[in-house]
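Note that this is a predicted model, so its numbers are computed, not measured. Residue numbers begin at 1 in each chain, while the letters A, B, ... track the order of the sequences.
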Amino acid sequence: MRMSRLFLRTLRDDPAGADIASHRLLLRAGCIRQVASGMYAWLPLGQRVLAKVAQIVREEMDAAGAQEMTLPITQPLELWERSARNDDYGPLMFRLEDRKQVKFCLSPTAEEVITTIVAGELESYRDLPVNLYQINWKYRDELRPRFGLLRAREFLMKDAYSFHVDVDDLRRTYQDMFDAYSRVFTRCALTFRPVEGESGEIGGDINHEFMAMAEIGEDDIVWCPKCDYAANAEVARRRSEQGDEQGDEKHDGASGDAALEKVYTPGMPGITAVAQHLGAAEGELLKCIAFHLDDGVGLALLPGDRELNEAALRKAVAPRTARLFEDDDFAAHPGLVKGYIGPDASGVALVISDPLVSAPHAWVTGANDTDHHVRNAVLGRDFQVAEWADLVAVVPGDPCPSCGSPLSIDRGIEVGQVFQLGTKYAEAMGALYTDEESEQHPMVMGCYGIGISRIVTAVVEEHHDELGITWPAALAPYDMHLVAITGKGKATGEVSEAADKLYEELTAAGVSVLYDDRDASPGVKFADADLLGMPVRLTLGAKGVARGVVERRNRKTGEDDELPLEGAAAALRG
RNA sequence: CGGGCUGUGGCGCAGUUUGGUAGCGCGCUUCGUUCGGGACGAAGAGGUCCCGGGUUCAAGUCCCGGCAGCCCGACCA
């Protein structure tokens, strides 16, 4: 491609509001332009990257036995009512009506549609398994789009859906998809980690998220440097047993024999203030968190230096539902004094505690009385616990649940997810098959997503420097960036001629080349080449032409060398 | 949806406090010089100052009402 003809304008200044590297650089390099909040146009350069990511995904999906198709983006809302997901999604889904007032939505995902189609086509166990996918635009009316393409309202996603006679068969395909995903992200040059994840709106049981490790990621990833344990912080656990941390020095200060003692702590509803006032470590305080448990009230107990993992609490009390108290709720429950709740508060239906509380210890905790706490609260003597469950949010250094080594926490961008769905959609949409005994069963499903446009963001986050993007070879819009330094005088024609010739030879040899044939100064051309980030830059100037050489620079490493002009195209093809 | 903020040539911004008919840098056009890391000179083009109402002799600026976008939080792939 001749740059003089390319639809491209690079930006010298950082666009306002583009705060993260990928957003800033994709805009500056002319890959994308914003059209509305969370909606982006893909310009020619960006389009080529998007297409390359999509092609890698396509190749790996095909190799894993999935079949590509295309589903409509606009889908009848009626299908979503049948699976009850119209309500589940709520305002997160874009909705519209046609001229006859029939309701539609813009697809955020496609379980309902694909399951309906499969239900109409396949009836026998002989037809299964089947794995179908599409690469198509998806829509979510996010509360707050941000970070450019990372949290957009329109995004390109590969979504696959597999149908099986039973869970064992599903597991085989699930593993195939898991392996295919690892190949995709490896080919995209991402540093990634598969982690145990939460299922969100899609539902289902077993699932893994593929996380591209990045500072700007929106998810916390708990992972073990010693073994392969890794999980989204929402579902991450620490190794814990009853009696855990026995003899820990932070618990040594108080004796179990001392009597319960009420102390005056005026205007100190927070852990930090109480700990300071009483000269205790925050870990010596017992935190009591009130929540609604169906019709009753529950208390969650954990050490004062720990945070509650709400997802863990919800899971621990399932199938009952838990919802944390908000300020208004305390008025209806006078036995619970906000900021001064004790584990023995009245009117509590369930006291559930993290195992960290089980160590023999005299706690400082709320007195269930405004402006008062108590010292020396002892488990079994002064308060009781009905249920034990992991409730605390994991922090770095906690023991790994698999091997006990200290855990690390880093940020990640979710670029893919695989689910074992079960029969939820097959049942709702009537996708049944007939087995050898002529009996009908709902198909067992899996679904598998990859955020194509989000991968582009993750790749730029990982592959850039202060000058611009440093595309991995597999995703670069062009293989090489040829810069002609034409200079002046009689050499100008010679350099242009030599550069034209090299460009044509490379193109003929199957190398994709972005050829800077513009009438611009060398500084401008070099700066743009750095910004656009092709993996290899070829420079041809008057001196080089005179000596019969072309210079080559590796964008990522900065390494330079020279090649003879004669036969350069053949050498560069390899 | 709470909190903070911004809408002025393609991009980045000043001008709004104190109302007087729009400016700077980059980019763009033409000519000349220059030509290996964002050159220089000269001459130009380009603006419904987000939209609608109001106040005023006069509104980018003041008042009222909308809309859009950004950041923090809650939420979420």
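- Contact annotation for A:D528: base contact, defined as any heavy-atom pair under 4.0 Å involving a base atom.
- A sub-4.0 Å separation between OP1 or OP2 of B:A39 and a side-chain N or O of A:S521 is present.
- Counting any heavy atom pair closer than 4.0 Å across all strands shown, A:D530 reaches a base atom.
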For this session: Given ring-ring contact (aromatic ring centres under 6.0 Å, His included), test A:F155 with A:Y139 step by step and report yes or no.
Result: CA-CA 7 Å; A:F155 51 99; A:Y139 295 81; 7.7 Å; no
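- At the heavy-atom level, A:E551 lies under 4.0 Å from base atoms of the strands shown.
- Nucleotide B:G19 is matched to nothing when pairs are restricted to Watson-Crick or G-U wobble geometry with both distances under 3.5 angstrom.
- Just one of A:T191, A:T470, A:T457 meets the side-chain hydrogen bond (donor to acceptor under 3.5 Å, both in side chains) condition when paired with A:E462; it is A:T191.
- In this structure, of B:A39, B:C26, B:A77, it is B:C26 that holds the atom nearest to the side chain of A:R12.
- Side-chain atoms of A:F155 lie closest to B:A77 of the nucleotides B:C11, B:G38, B:A77.
- Of the nucleotides present, B:G44 is the one that pairs with B:C28 by Watson-Crick or G-U wobble criteria, both distances under 3.5 Å.
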Problem set entry | Chi angles and distances behind the salt bridge (charged side-chain N to carboxylate O under 4.0 Å, His left out) call for A:E59, A:R187 | CA-CA 11 Å; A:E59 288 170 12; A:R187 288 179 67 182; 2.8 Å; yes
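- Across the strands present, B:C76 finds no partner; the criterion is a Watson-Crick or G-U wobble pair with both atom distances under 3.5 angstrom.
- When the side-chain nitrogen and oxygen atoms of A:S37 are compared with OP1 and OP2 of B:A68, none of them lie within a distance under 4.0 Å.
- Taking every side-chain heavy atom of A:F526 into account, B:G37 is the closest of B:G38, B:G37, B:C13.
- Rounded to whole Å, the C1' atom of B:A59 lies 15 Å from the corresponding atom of B:U17.
- Base pairing of B:G36: no nucleotide in any strand meets the Watson-Crick or G-U wobble criterion (both distances under 3.5 Å).
- Within 4.0 Å of A:R553, counting heavy atoms only, lies at least one base atom of the nucleic acid.
- The distance between the ring centers of A:F419 and A:Y448 does not fall below 6.0 angstrom.
- Base-pair partner of B:U6: B:A68 (Watson-Crick or G-U wobble, both distances under 3.5 Å).
- In a base pair of the Watson-Crick type (N1 to N3 plus N6-O4 or O6-N4) or a G-U wobble (N1-O2 and O6-N3), with each distance short of 3.5 Å, B:C49 is matched with no nucleotide.
- Under 4.0 Å is where a charged nitrogen must lie from a carboxylate oxygen, and between A:R411 and A:E218 no such pair does.
- Within 4.0 Å (heavy atoms only), A:G451 reaches no atom of the nucleic acid at all.
- Rounded to whole Å, the C1' atom of B:G25 lies 15 Å from the corresponding atom of B:G15.
- In this structure, A:R9 does not reach the B:G27 phosphate: none of its side-chain N or O atoms is under 4.0 Å from OP1 or OP2.
- Among B:C75, B:G69, B:G27, the nucleotide with an atom closest to any side-chain atom of A:A36 is B:G69.
- Residue A:A484 is classed as having no contact, given no heavy-atom separation below 4.0 Å to the nucleic acid.
- When the nucleotides B:G37, B:A74, B:C11 are ranked by their closest atom to the side chain of A:P522, B:G37 comes out on top.
- Within 4.0 Å of A:R144, counting heavy atoms only, lies at least one base atom of the nucleic acid.
- Taking the centre of each ring, A:W80 and A:Y89 come in below the 6.0 Å mark.
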